[in-house]
Amino acid sequence: MHNRVEDLMIFKNLQINPRPAKPTRVLQCFWSLPDLDQLRIGCDGCSRGNPGPSGAGVIFRDHTCNTIGAMSAGLGICTNFVAELLAIILGLKWASD
């Protein structure tokens, strides 16, 4: 519910007590380039369901923001937490290779 008149009318007709939506909060975040001769590793893991089918992705960028490499991997059935950890491990293993 977004506290619009239409939403309130639907809830009233269905005799449902509405709960107000939480206001969105905008946060600033900054991404800085890595130092010269260094790489920045971005990694993320997710699962559809918890547990559920999962995947991970990793990207490497150099000091000029050029993409050096990217990969993704299917992880099978696992939780969100395990998928996140495996994404970090995959990125570090790939970087060490």
Side-chain angles (χ1 to χ4, degrees):
M1 179 178 129
H2 300 286
N3 294 329
R4 295 186 309 233
V5 173
E6 295 85 7
D7 293 334
L8 296 172
M9 288 173 55
I10 291 169
F11 284 131
K12 183 178 179 183
N13 288 335
L14 295 174
Q15 297 177 351
I16 297 173
N17 293 328
R19 292 184 301 194
K22 293 181 181 177
T24 56
R25 201 172 79 182
V26 177
L27 300 174
Q28 280 187 323
C29 62
F30 299 96
W31 188 87
S32 58
L33 294 171
D35 293 332
L36 187 62
D37 297 327
Q38 290 186 350
L39 293 177
R40 174 128 334 187
I41 303 172
C43 55
D44 193 21
C46 63
S47 87
R48 182 176 293 171
N50 202 17
S54 304
V58 180
I59 187 167
F60 291 90
R61 294 187 185 270
D62 67 5
H63 66 280
T64 59
C65 202
N66 291 322
T67 300
I68 302 301
M71 69 172 284
S72 62
L75 303 175
I77 305 294
C78 63
T79 65
N80 291 329
F81 181 70
V82 171
E84 294 280 356
L85 292 177
L86 289 173
I88 294 168
I89 291 168
L90 284 171
L92 291 174
K93 181 165 177 14
W94 195 29
S96 69
D97 291 345

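Please read all numbers here as calculations on a predicted model, not as lab measurements. Each residue takes its place number in the sequence, starting with 1.
- In terms of modelled atom types and a separation under 3.5 Å, the side chain of Ser54 and the main chain of Cys78 share a donor-acceptor contact.
- Note on Ile77: it does not cluster hydrophobically with Val82, by side-chain heavy-atom contacts below 4.5 Å among ILVMFWY residues.
- Using a 4.5 Å heavy-atom cutoff, the side chains of Ser32 and Arg40 are in contact.
- Contact check for Pro34 versus Phe60: no side-chain heavy atoms found under the 4.5 Å cut-off.
- Taking hydrophobic clusters as Ile, Leu, Val, Met, Phe, Trp and Tyr residues chained together by side-chain heavy-atom distances below 4.5 Å, Ile88 does not share a cluster with Phe81.
- Put simply, OG1 on Thr79 and CG on Leu85 are 8.0 Å apart, with the number rounded to the nearest 0.5 Å.
- Heavy-atom minimum distance, Ala87 versus Cys43: O-CB, 3.8 Å.
- Residues Leu75 and Leu90 form a side-chain contact, since some pair of their non-hydrogen atoms from C-beta on lies under 4.5 Å apart.
- Contact of the Lys12 side chain with the Leu8 side chain is not registered, since no non-hydrogen atoms from C-beta on lie closer than 4.5 Å.
- The NE2 atom of His63 lies 10.0 Å from the CG atom of Asp35; values are rounded to the nearest 0.5 Å.
- Screening Leu39, Leu33, Thr67 against Arg61 for a side chain to side chain contact (heavy atoms under 4.5 Å, CB included) leaves a single residue, Thr67.
- Under a hydrophobic-cluster definition in which Ile, Leu, Val, Met, Phe, Trp and Tyr are linked whenever side-chain heavy atoms come within less than 4.5 Å, directly or via other members, Trp94 and Ile41 are assigned to the same cluster.
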